[in-house]
Amino acid sequence: MFQLFKKERMWRDPELKPHYDIVIAGAGVHGLAIAYYLGQRGITNVALLDKGYLGGGASARSTAIIRANYVTPEGIPFFYESVKLYEDLSQDLGYNLLFSQMGRLELAHTESSVYALRTRADANAALGVDSRIIGTDDIRELVPILDMREGNDLPVLAGLYHPPAGVIRHDAVIWAYARAADRRGAEIHPFTEITAINQSNGRVTGVETNRGPIQTDLVINCTAAWSSTIAEMVGIDLPMITHPLQAMVTEPLKPILKLGVSSTNFHVYVYQTDRGELVMGGAVDHYTSYSLKSTFPMMEELSAGALRMFPFLKDVNILRQWTGICDMTPDYAPIMGPVSGLDGFLLNCGWGTYGFKAAPISGKMMAELIDTGETPDLIKPFSLDRFSDGRLVNEKGAASSAALH
């Protein structure tokens with residue numbers, strides 16, 4: 001005789017309360033990570049508000065590449081700690097996140113690109129991150145299907161090899177963090193849009209939503225490309241612009257690529273999923289926009305770059321294309337922490353193309369800041385005040401395939 005099992009919800013569907021200790025604006029990967037790590041610290045009267053469905057913004061439009069081979073002494077240790085958290089995250093959350101540490105190879109086709117990659121390799125080695133320059137013989141061994149372009153323009157001269165890098169299933173991360181945060185007491189409220197933020201005597205007192213007002217002592221802005229819109233509600237003009245970022249995926253192929261490959265000169269990256277699809281992405285669009293529409297010119301640009309590395313793909317079909325939008329700061333580094341002159345308002349934004357890979361450590365550090373009242377050393381360099389104080393981080397060189405060009 002068959003036994004019937006009652007299906008368990010991944011997270012609850014609670015009624016919206018009139019008061020929460022903390023309101024997190026945005027129920028994407030960063031907001032969910034903050035709620036989870038707050039719950040670890042016993043802080044549970046937390047509401048995540050999202051104007052759409054859970055994880056439906058930038059988190060749903062990510063290629064979810066995880067790596068730590070950044071440029072600056074501020075960024076390298078930060079992202080390295082995030083990679084280490086990702087390595088144990090499936091076990092911590094009790095959910096298979098399909099994290100594949102396949103490694104990543106960034107190709108250089110000019111002497112200036114080789115110099116830039118060598119600078120990154122030296123900085124990473126100095127800070128204990130496995131990211132090293134390799135020559136053409138090693139590249140051929142790692143990627144035998146790669147066109148080394150010998151005798152053509154822009155031949156492959158060297159590569160930056162980063163073995164700890166990988167990819168993860170983005171929706172699984174969202175579901176797992178949401179379930180874990182819910183079980184620790186946080187409430188998730190999709191389709192709940194913040195329309196105003198109330199202040200009194202230099203501090204936040206609550207938010208207005210399309211479902212009614214909420215009193216709260218703390219609002220955390222985790223709304224990615226809409227962070228500037230939320231910040232304007234409290235009179236803050238964030239130094240951010242918003243660019244679309246497009247990606248696409250091909251039909252499934254037999255296993256041909258065992259690691260991610262990107263090109264500093266062709267502005268494209270390619271990796272193969274467990275299902276055999278080739279995922280391709282690259283630079284943000286050349287214009288600022290909030291549009292989520294994909295375009296044929298960007299499809300052509302990504303295809304052209306990929307074909308210069310892998311010409312045999314010329315007859316492979318593209319199955320689908322998608323677009324997210326990125327909150328870009330002048331120095332390509334995030335903004336985390338409090339705002340001078342306004343109590344009860346924290347920023348977690350400006351992630352550009354780096355957001356998904358940073359979520360675990362960002363969430364953990366933001367939770368520590370909220371619990372202790374002290375900004376952790378790891379995120380102090382990313383304060384909003386750095387722009388007025390002239391302490392820019394300059395992480396642009398870390399996005400060789402995704403930078404504006």
Side-chain angles (χ1 to χ4, degrees), residues 62-71 75-76 79 83 100-110 112-121 123-124 129-136 138-149 154-168 245-250 256-273 277-285 298-299 301-313 324 326 332 352-357 395-405:
S62 168
T63 52
I65 295 171
I66 311 301
R67 63 184 178 91
N69 59 341
Y70 280 71
V71 175
I76 293 169
F79 286 98
V83 170
S100 171
Q101 285 186 280
M102 60 175 63
R104 179 182 173 92
L105 176 65
E106 297 182 49
L107 303 174
H109 306 269
T110 64
S112 60
S113 295
V114 173
Y115 175 80
L117 293 187
R118 192 175 299 279
T119 300
R120 283 175 59 190
N124 278 266
V129 175
D130 186 0
S131 185
R132 55 189 184 269
I133 293 290
I134 61 174
T136 52
D138 290 329
I139 292 172
R140 286 190 186 93
E141 184 176 349
L142 281 172
V143 196
I145 61 172
L146 177 68
D147 182 1
M148 301 297 289
R149 303 188 56 79
L154 298 176
V156 176
L157 301 181
L160 182 65
Y161 181 42
H162 183 37
V167 296
I168 200 164
L245 178 65
Q246 301 187 41
M248 61 189 190
V249 64
T250 71
I256 57 172
L257 192 59
K258 65 180 181 180
L259 76 167
V261 180
S262 70
S263 168
T264 58
N265 297 96
F266 303 152
H267 300 287
V268 65
Y269 61 82
V270 183
Y271 72 84
Q272 189 169 25
T273 71
E277 301 160 333
L278 293 177
V279 178
M280 302 178 188
V284 296
D285 286 358
M298 183 54 72
M299 180 185 291
E301 185 172 322
L302 294 176
S303 299
L307 287 172
R308 297 183 82 173
M309 296 191 293
F310 306 108
F312 68 90
L313 296 177
C326 299
Y332 277 56
T353 62
Y354 309 151
F356 209 96
K357 59 181 64 65
E395 200 63 71
K396 184 173 183 178
S400 56
S401 65
L404 289 166
H405 59 278

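We number each residue from 1, following the sequence as shown.
- In this structure R140 satisfies the side chain to side chain contact (heavy atoms under 4.5 Å, CB included) test together with T136, D137, M148, E150, sequence neighbours excluded.
- Looking only at side-chain heavy atoms (C-beta outward), M280 and L313 come within less than 4.5 Å of each other.
- Residues meeting the side chain to side chain contact (heavy atoms under 4.5 Å, CB included) test with S113, sequence neighbours left out: A108, T110, T264, N265.
- Between L107 and F266, the closest side-chain pair of non-hydrogen atoms is not below 4.5 Å.
- Side chain of N124 to backbone of D130: no donor-acceptor contact under 3.5 angstrom is found.
- With sequence neighbours excluded, the residues forming a side chain to side chain contact (heavy atoms under 4.5 Å, CB included) with A68 are F79, Y80, V83, V129, H162, listed by chain and number.
- What you find for A306 and V268 is that their closest heavy atoms are N-CG1, 3.8 Å.
- When side chains are defined from C-beta on, R308 counts as touching L154, because their heavy atoms get closer than 4.5 Å.
- Using cut-offs of 30° and 60° on the angle between ring planes, the pair Y269 and Y271 is parallel.
- Minimum interatomic distance between S131 and N69 (heavy atoms only, all atoms of both residues): OG-CB, 3.2 Å.
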### Message
Using side chain to side chain contact (heavy atoms under 4.5 Å, CB included), reason through D138 and Y161 one step at a time and then give a plain yes or no.
### Response
CA-CA 10 Å; D138 290 329; Y161 181 42; over 6 Å; no

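- Of the possible donor and acceptor atoms, none in the side chain of T63 sits under 3.5 Å from a partner among the backbone N and O of I65.
- In this structure, R118 contributes its side chain and I133 its backbone to no donor-acceptor pair below 3.5 Å.
- Here the closest heavy-atom approach between residue C326 and residue T353 is recorded as SG-CG2, 4.1 Å.
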### Task
For the pair I134 and L105, evaluate side chain to side chain contact (heavy atoms under 4.5 Å, CB included) and give the outcome as yes or no after the intermediate values.
CA-CA 9 Å; I134 61 174; L105 176 65; 3.7 Å; yes

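- Atom NZ of K258 sits about 12.5 Å away from atom OG of S100, to the nearest 0.5 Å.
- Atoms CG and CG, from L259 and L257 in turn, are 6.0 Å apart once rounded to the nearest 0.5 Å.
- A 4.5 Å side-chain heavy-atom check between S303 and M248 finds at least one atom pair inside the cut-off.
- Rounding to the nearest 0.5 Å gives a distance of 7.5 Å between OG of S262 and CZ of R67.
- A side-chain donor-acceptor contact under 3.5 Å links Q101 to the backbone of P164.
- For the side-chain contact (heavy atoms from CB on, under 4.5 Å) with M309, the qualifying choice from D147, V261, V156, I145 is V261, the only one to do so.
- A distance-only check finds a donor-acceptor pair linking the side chain of E395 to the backbone of V71 [under 3.5 Å].
- The minimum heavy-atom distance between D285 and M298, with the atom names listed, is OD1-CE, 3.1 Å.
- Taking CZ of F312 as the reference point, atom CG of L146 lies at 9.5 Å (rounded to 0.5 Å).
- At distances below 3.5 Å, not a single donor-acceptor pair connects side-chain atoms of E106 with backbone N or O atoms of L160.
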